[in-house]
Amino acid sequence: MKKILITGAAGFLGSHLCDRFIKEGYYVIGMDNYITGDKKNLLHLEGNINFEFVEHDITEFINIEKDLDYILHFASPASPIDYLKIPIQTLKVGSLGTHNLLGLAKDKNARILIASTSEVYGDPLVHPQTEGYYGNVNTIGPRGVYDEAKRFQEAITMAYHRFHGVETRIVRIFNTYGPRMRLNDGRVIPAFMGQALRGEDLTIFGDGSQTRSFCYVDDQVEGIFRLLLSDYVEPVNIGNPHEITIKEFAEEIIKLTGTTQKTIYQDLPVNDPLQRQPNITLAKKLLNWEPKVNRAEGMKMTFDYFKSLSSEELLKRDHKDFAKHMKK
Ligand code: NAD
Ligand code: UDP
């Protein structure tokens, strides 16, 4: 039985990856310190003989007794408001945490895949974004803590590959959504759906002309699975190229949720990328992968999940002081 360590296991993507690898017949060790994750995301795996959970901060030395065949490194705050609130932990998990995991991969002779992001392209001057684009990142802006941690993560991963011969893979993930996102994590989909469910107006940042391209979680997990098992070392974009402005997107959510609320406008956060769309030519060619779930289907499944949450969860506010963190 192949063994895989998944960091960030209690988070949104990590928990779906645990499910997928268990389904594929792997023994999964999930690791998390719950800083932005939720125990509830893994409750259904309690008692599963092919799963164990280790509570651990990966910026500290990682000790695993068992052999490992694979490592998926997904631990990191991922929502802008999360990483603006815990900037030092974000830098540490991308740098020290990644260093620890690469050392572990070398020691265990395991293949490691690290979760990078479309944020390495910053506010992109090339559109849609191809893997060959080096990006346009403000190193000293508030988002720099995430973007630069992820860029460092890619650099140290390639160094471990080149210098130590570690088998590495890098996925550049574009905005992904679905059940188990934290309703209060501040990202646009939980934000809009939470507002609709609470009967609040939907907050559009800036004039809403900025674009994003949203990928459903099952498609993302399929792309990651295929990339891990491929023999391609350089970064690969995985995302859904179907691009939409945030203003149009808010209108879609209003229709889907049936809310009678309206949209209101707030300041655009500093360095918020104005456009984002993955070029997925490489993933199509290498992995024979492309997204299958359209936005209408994916949003419905996600809204059904948020509707099923308790009213206590619905009313929980992690980020009342949002604006404070988004300023220069
Ligand atoms: P998430 O916040 O739901 O999950 C991240 C998990 O990592 C959480 O459970 C958190 O507790 C854990 N974690 C953070 N620091 C840790 C530490 N020091 N030690 C142990 N665990 C730690 O976010 P997500 O959306 O599931 O993102 C997962 C990964 O995918 C991240 O690396 C993120 O950068 C990347 N990514 C996600 C998206 C997306 O759209 N969801 C886009 C680009 C990249
Ligand atoms: N956004 C918004 N209202 C919100 C939350 C986010 O208009 O309540 C915008 C945000 O400014 C960005 C886009 O939605 O342009 C996507 O934001 P998100 O935080 O989901 O992720 P990002 O792609 O910026 O990392």
Side-chain angles (χ1 to χ4, degrees), residues 6-17 30-39 41-42 54-60 62 72-84 86 89-94 96-98 100-101 114-120 123 143 146-147 149-150 153 171-178 180-182 185-195 200-215 217 220 224 237-239 244-247 249-250 253 263-276 278 319 322 326:
I6 303 182
T7 72
F12 161 54
L13 289 178
S15 64
H16 283 281
L17 287 162
M31 183 173 281
D32 206 294
N33 68 349
Y34 297 122
I35 194 164
T36 62
D38 195 334
K39 288 188 175 150
N41 290 338
L42 294 175
V54 183
E55 184 170 348
H56 183 68
D57 177 346
I58 63 149
T59 65
E60 305 288 339
I62 303 166
L72 290 181
H73 175 23
F74 278 68
S76 169
S79 152
I81 187 62
D82 281 342
Y83 57 76
L84 293 169
I86 44 172
Q89 287 95 325
T90 302
L91 281 157
K92 282 174 74 177
V93 76
L96 306 179
T98 305
N100 286 339
L101 286 159
I114 63 145
S116 187
T117 166
S118 52
E119 284 280 328
V120 300
D123 190 7
R143 290 176 95 101
Y146 181 69
D147 301 6
K150 291 291 185 178
Q153 189 183 42
V171 59
R172 288 190 182 148
I173 300 168
F174 283 65
N175 296 65
T176 300
Y177 69 95
R180 302 190 196 152
M181 291 185 97
R182 236 169 62 240
D185 83 0
R187 286 185 273 194
V188 68
I189 292 169
F192 284 173
M193 289 190 177
Q195 287 161 342
E200 296 168 359
D201 291 335
L202 275 61
T203 50
I204 293 179
F205 298 159
D207 63 5
S209 64
Q210 72 273 31
T211 66
R212 292 295 185 272
S213 309
F214 298 108
C215 181
V217 61
Q220 184 62 244
I224 292 165
N237 290 341
I238 299 286
I244 185 170
T245 67
I246 294 300
K247 190 173 183 322
F249 184 58
I253 299 284
T263 52
I264 53 169
Y265 290 83
Q266 294 184 353
D267 289 347
L268 188 68
V270 178
N271 299 138
D272 194 295
L274 294 183
Q275 51 182 3
R276 181 177 294 157
H319 297 315
F322 190 85
M326 302 304 261

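For clarity, every value in this text was computed on a predicted model and none was experimentally measured. Numbering starts at 1 and runs along the sequence shown. Start at 1 and go down the list; that is how both ligands and their atoms are numbered.
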Taking only non-hydrogen atoms of A10 and a 4.0 Å limit, the atoms of ligand 1 in range are 9 (O)
With atoms numbered from 1 as shown, which atoms in ligand 1 lie under 4.0 angstrom from a non-hydrogen atom of I35? 11 (O), 13 (N), 14 (C), 15 (N)
Nearest non-hydrogen protein atom to atom 39 (C) of ligand 1, with distance, is R187 NH1, 3.5 Å
Under-4.0 Å heavy-atom contact with ligand 2, by part of Q266 that carries it: neither
Enumerate the atoms of ligand 2 whose separation from the nearest heavy atom of Q210 is less than 4.0 angstrom. 9 (C), 11 (O), 15 (O)
Sub-4.0 Å atoms of ligand 1 with respect to non-hydrogen atoms of A115: 30 (O), 32 (O)
Report, in ascending order of atom number, the atoms of ligand 1 lying under 4.0 Å from any heavy atom of G37. 8 (C), 9 (O), 10 (C), 11 (O)
Mark up the atoms of ligand 2 that fall under 4.0 Å of a heavy atom belonging to R276, in ascending order. 22 (P), 23 (O), 25 (O)
K39: side-chain contact (heavy atoms from CB on, under 4.5 Å) partners, not counting sequence neighbours: Y34
Write out the residue and atom name of the closest protein heavy atom to atom 5 (C) of ligand 1, then the distance separating them to 0.1 Å. S76 O, 3.3 Å
Start with the C-alpha gap between E119 and R143, add the side-chain angles, then the distance that decides, and say whether salt bridge (charged side-chain N to carboxylate O under 4.0 Å, His left out) holds. CA-CA 9 Å; E119 284 280 328; R143 290 176 95 101; 2.7 Å; yes
Which of the ligand 2 atoms, numbered from 1, are nearer than 4.0 Å to a heavy atom of I246: 7 (O), 13 (C), 14 (O)
Below 4.5 Å, heavy atoms only, C-beta onward: do L274 and L268 meet side chain to side chain? yes
Pull out every atom of ligand 1 sitting under 4.0 Å from any heavy atom of Y34, numbered as shown with elements. 11 (O)
Residue-ligand contact S79/ligand 2, heavy atom below 4.0 Å: no
Near F192, which atoms of ligand 2 are under 4.0 Å from a heavy atom of that residue? 3 (N)
Under-4.0 Å heavy-atom contact with ligand 2, by part of T203 that carries it: both
For ligand 2 and N175, I'd like to know whether there is a polar contact (N/O to N/O, distance under 3.5 Å). yes
Quick one, K247 and Y265 - any side-chain contact, counting heavy atoms below 4.5 Å? yes
Does ligand 2 have any atom that is closer than 4.0 Å to a heavy atom of M181? no
For T59, is at least one N or O under 3.5 Å away from an N or O on ligand 1? no
So, is R187 polar-close to ligand 2, with some N/O to N/O distance under 3.5 Å? no
In terms of residue, atom name and distance, what is the protein heavy atom nearest to atom 18 (N) of ligand 1? D57 OD1, 2.9 Å
Just need the protein heavy atom nearest to atom 40 (O) of ligand 1, so name the residue and atom and give the distance. T176 N, 2.8 Å
Polar side chain donor-acceptor pair, Q195 to T203, under 3.5 angstrom: yes
Under 3.5 Å between some N or O of ligand 1 and some N or O of G14? no
4.5 Å side-chain heavy-atom contact, I246 and R212: yes
Has ligand 1 got any nitrogen or oxygen that is less than 3.5 angstrom from a nitrogen or oxygen of S116? no
Mark the output for F249 as yes if a heavy-atom distance to ligand 2 is under 4.0 Å, and as no if none is. no
H56 to ligand 1, any heavy atom closer than 4.0 Å: yes
Within-cut-off N or O pair, A75 and ligand 1, under 3.5 Å: no
Could you check whether any heavy atom of G97 sits closer than 4.0 Å to an atom of ligand 1, since that is the contact criterion I want to use? no
Identify, for atom 19 (N) of ligand 1, the protein heavy atom at the shortest distance, and state residue, atom and that distance. I58 N, 3.0 Å
Indicate yes or no: at least one non-hydrogen side-chain atom of N100 is less than 4.5 angstrom from one of I58. no
Would you mind running through ligand 2 and noting each atom that sits below 4.0 Å from a heavy atom of A191? 8 (O)
N or O contact, F74 vs ligand 1, cut-off under 3.5 Å: yes
Write out the residue and atom name of the closest protein heavy atom to atom 8 (C) of ligand 1, then the distance separating them to 0.1 Å. T36 OG1, 3.3 Å
Note the single closest protein heavy atom to atom 3 (O) of ligand 1, along with its residue, its atom name and the distance in Å. F12 N, 2.9 Å
Which atoms of ligand 1 sit under 4.0 Å from any heavy atom of L13? 26 (O), 30 (O), 37 (C), 41 (N)
Flag the pair P80 / D272 as yes when at least one side-chain heavy-atom distance between them is below 4.5 Å, and no otherwise. no
Find out whether L13 and I173 are in side-chain contact, i.e. whether some heavy atom of one side chain is under 4.5 Å from a heavy atom of the other. yes
Would you please classify the geometry between the F214 ring and the Y177 ring as parallel, tilted or perpendicular, with 30° and 60° separating the classes? perpendicular
What residue and heavy atom of the protein are closest to atom 22 (C) of ligand 1, and at what distance? N33 OD1, 3.0 Å
Test of proximity, I173 against ligand 1: N or O pairs below 3.5 Å: no
Under 4.0 Å from ligand 2, counting heavy atoms only, is it the side chain of Q275, its backbone, both or neither? neither
Proximal atoms of ligand 1 relative to N175 (non-hydrogen, under 4.0 Å): 40 (O)
So is K150 polar-close to ligand 1, meaning N/O to N/O under 3.5 Å? yes
Has ligand 1 got any nitrogen or oxygen that is less than 3.5 angstrom from a nitrogen or oxygen of G11? yes
Should the proximity of Y146 to ligand 1, defined as any heavy atom under 4.0 Å, be assigned to the side chain, the backbone, both, or neither? side chain
Quick one: are H16 and Q220 in side-chain contact, heavy atoms under 4.5 Å? no
Taking only heavy atoms of A78, which atoms of ligand 1 are found under 4.0 Å from at least one of them? 23 (O), 24 (P), 25 (O), 27 (O), 33 (C)
State whether the shortest distance between N or O atoms of D32 and N or O atoms of ligand 1 falls below 3.5 angstrom. yes
Is there side-chain contact between R172 and S118, with heavy atoms separated by less than 4.5 Å? no
Using a plain distance cutoff, I'd like to know if T117 has any nitrogen or oxygen under 3.5 Å from a nitrogen or oxygen of ligand 1. no
Counting heavy atoms only, which part of V188 comes closer than 4.0 Å to ligand 2: side chain, backbone, both or neither? both
For a quick test of your reading: what N or O donor-acceptor pairs under 3.5 Å do the side chains of residues 186-193 make, sequence neighbours left out?
| from | atom 1 | to | atom 2 | distance (Å) |
| --- | --- | --- | --- | --- |
| R187 | NE | D185 | OD2 | 2.7 |
| R187 | NH2 | D185 | OD2 | 3.0 |

